[in-house]
Enquirer: 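I have a structure here, written as structure tokens, and I will follow up with some questions on it.
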Amino acid sequence: MKIFNEIESEVQSYARAFPRVFNRALGEYIYDEEGNQYLDFLAGAGTLNYGHNNANFKEKLLDYISNDGIAHGLDLHTKAKGEFLETFNEKILKPRNMEYMVQFTGPTGTNAVEAALKIARNVTGQQNIVTFTNGFHGVSLGSLAATGNSHHRDAAGVSLSGTHRIPFDGYLGEGIDTTVYLDKVLSDSSSGINSPAGVVVETVQGEGGINAASFEWLRNLQAVCKKHGVLLIVDDIQAGCGRTGTYFSFEDAGIEPDIITLSKSLSGYGLPLAVVLMKPELDQWKPGEHNGTFRGNNLAFVTAKAAIDCYWSDNSFSNEIRRKGQYVSDRTEAIIKKHGEGNFSTRGRGMFQGINCVNGDLAGKITKKAFKNGLIIETSGADDHVVKFLCPLVISDENLKTGLDIVEQAVEEVCDSATSIPEDNEFFDGRYVANG
Ligand SMILES: Cc1ncc(COP(=O)(O)O)c(C=O)c1O
């Protein structure tokens, strides 16, 4: 463990919450060097929707490597990329009547967002992008300007410009439709808000605290965008690839974004891959204008195709996610009723859910207790006040129950031991010591 303290940058974050050395993972389990087994309800922050080392894709990946398949290909046409595009078009886009061009960006979510913002700005000739309170879109400068969180924004070192933030659904309380405000300011030449190129939105804000927009609000947002000639960009990097129950998180809302970003679970295997989907008329790029050395992660194309073939050839996986999501809703509701003292609330959609503990301290204590009992689960939200359930979608019913049991026990212990809770976990002398 010493080496991490000696030479790995202070910028580490998850490693601080889960200070073990992990060396193996399978399905919904991850193991540390000492052989301890943990249920993984963090799942690569939404990158492992199909679990760790999913056997359905592993063999295909190993075969591809054994046969000296191309690993890195810039943006060259490769067999693996062609097969991924074919499958994505036939099994994801066409069945949903979606006609989009696919752009491979650098392999991180933030690079896909950067590209999406450039497309909107260059096509419309406008600079301003409307973004939402508590939105998270990445930490490179363009995406960071669209991100709300001050912890991340403060690290920019330059002013973050070109965006205008408005309240997300629910931000001003129930019954206030914030798209009415957007419509009003875009209709008023004296509102002081420049005509935007696009609006970038998460249908469920992940890092911002599992804030789920209502379908009606999303439809209203689309209507306002259409009325004012503004492009609607859905950042589906965390909520997409099945997390909410459908492949794209906006399907049940019945909206049709102009631009969509996808990454995280797209490759299915935790391999870096990111794309922008854009309506064909928006594909006005000149060759190489937005390039990047790692746009052709062919290993990721192999597993991304396998993930779609395996899980998205019919509706059965989607039905499974909804069924499990209902279980998570029922359990979290019951937990807050029993232990939340009227303060806690539940939030989210599908398998993208959370418990709002109101207070970051409490939420942190709950996740620490859970870790001690073998569950890796994180917090999110402005004050890290939401316990965030992001387990692999392929998790067995038994393990889903076990994970929720661990959370319930942690909530009970933290809430019921009320006034003074000892600082129960210490990182001590290279060893993680639980002394609570
Ligand atoms: C909605 C959303 N957009 C963009 C990003 C940035 O992705 P990356 O961390 O791969 O740059 C994230 C990461 O959590 C995200 O949740």
Side-chain angles (χ1 to χ4, degrees), residues 11-15 17 42-49 103-120 129 131-149 151-153 155-156 160 163 165 168-169 198-213 218 232-244 248-250 257 259-277 290 292 294-295 297 300 304 347-354 378-382 384 386 388-390:
V11 80
Q12 298 167 59
S13 62
Y14 295 108
L42 172 61
T47 305
L48 296 161
N49 283 3
Q103 177 186 358
F104 296 100
T105 65
T108 55
T110 196
N111 198 255
V113 173
E114 295 286 349
L117 301 184
K118 283 187 191 174
I119 292 165
I129 300 281
T131 68
F132 293 95
T133 49
N134 288 303
F136 184 86
H137 301 284
V139 297
S140 53
L141 291 181
S143 312
L144 193 53
T147 289
N149 186 296
H151 175 66
H152 295 112
R153 290 175 66 83
L160 296 166
T163 55
R165 199 156 283 91
F168 189 68
D169 190 19
V199 166
V200 60
V201 67
E202 297 156 271
T203 65
V204 182
Q205 295 183 322
E207 301 309 299
I210 322 287
N211 309 314
L218 289 168
L232 178 60
I233 306 167
V234 170
D235 180 351
D236 233 10
I237 284 168
Q238 192 159 162
C241 300
R243 179 53 58 186
T244 62
F248 295 104
S249 69
F250 51 80
I259 302 173
I260 302 157
T261 53
L262 279 182
S263 179
K264 289 206 188 262
S265 277
L266 179 62
S267 82
Y269 208 78
L271 296 170
L273 181 63
V275 296
V276 176
L277 310 179
H290 186 91
F294 290 105
R295 285 174 297 155
N297 185 350
R347 43 193 45 230
R349 193 147 68 75
M351 288 283 273
F352 200 10
Q353 300 205 34
E378 249 295 27
T379 54
S380 81
D384 289 319
V386 176
K388 184 184 184 196
F389 296 80
L390 211 59

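All ligand and atom numbering here is 1-based and tracks the order in the structure.
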Enquirer: Hey, is the main chain of Ile260 close enough, under 3.5 Å, to the side chain of Asp236 for a donor-acceptor pair?
Expert: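 No, Asp236 side chain to Ile260 backbone: no donor-acceptor pair under 3.5 Å.
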
Enquirer: Non-hydrogen atoms of Gln205 versus ligand 1: any pair closer than 4.0 Å?
Expert: no

Enquirer: For atom 14 (O) of ligand 1, what's the nearest protein heavy-atom neighbour? Residue, atom name and distance, please.
Expert: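 Looking only at protein heavy atoms, the one closest to atom 14 (O) of ligand 1 is Lys264 NZ, 3.0 Å.
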
Enquirer: Provide, to 0.1 Å, the distance between atom 16 (O) of ligand 1 and the closest protein heavy atom, together with that atom's residue and name.
Expert: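 The closest heavy atom on the protein side is Gln238 NE2, 2.7 Å.
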
Enquirer: Starting from atom 8 (P) of ligand 1, which protein heavy atom do you reach first, and at what distance in Å?
Expert: Gly109 N, 3.5 Å

Enquirer: Under 4.0 Å, heavy-atom basis, I'd like to know which part of His137 is in contact with ligand 1: side chain, backbone, both or neither.
Expert: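 Backbone only; the side chain of His137 stays clear of ligand 1.
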
Enquirer: Please identify which atoms of ligand 1 are closer than 4.0 Å to at least one heavy atom of Glu202.
Expert: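 Those qualifying, in numeric order: 1 (C).
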
Enquirer: Just how far is it from atom CG of Leu117 to atom NE2 of His137, taken to the nearest 0.5 Å?
Expert: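 One gets 8.5 Å once the value is rounded to the nearest 0.5 Å.
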
Enquirer: Quick check: do Ser249 and Glu202 have side-chain heavy atoms less than 4.5 Å from each other?
Expert: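 SC-SC contact between Ser249 and Glu202 ruled out.
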
Enquirer: Nearest 0.5 angstrom please: Leu232 CG to Leu218 CG, how far?
Expert: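 Leu232 atom CG to Leu218 atom CG measures 8.5 Å (nearest 0.5 Å).
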
Enquirer: Give me each pair satisfying salt bridge (Lys or Arg N to Asp or Glu O under 4.0 Å) with a member in residues 131-143, each pair once, sequence neighbours excluded.
Expert: none

Enquirer: Which of the atoms of ligand 1 are close to Thr110, meaning less than 4.0 Å from one of its heavy atoms?
Expert: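 What qualifies from ligand 1 is 6 (C), 7 (O), 8 (P), 11 (O).
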
Enquirer: I'd like to check the side chain to side chain contact (heavy atoms under 4.5 Å, CB included) partners of Asn211; sequence neighbours left out, ordered by chain and number.
Expert: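 Applying side chain to side chain contact (heavy atoms under 4.5 Å, CB included) to Asn211 gives Asn134, Phe168, Gln205, Arg347.
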
Enquirer: At less than 4.0 angstrom from any non-hydrogen atom of Ile237, what atoms of ligand 1 do you find?
Expert: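 Answer, ordered by atom number: 2 (C), 3 (N), 4 (C), 5 (C), 12 (C), 15 (C).
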
Enquirer: Using modelled atom types only, decide if a donor and an acceptor are shared between the side chain of Thr163 and the backbone of Ile129 within a distance under 3.5 Å.
Expert: no

Enquirer: What atoms of ligand 1 come closer than 4.0 angstrom to any heavy atom of Asp235?
Expert: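 Ligand 1 atoms under the 4.0 Å threshold to Asp235: 1 (C), 2 (C), 3 (N), 4 (C).
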
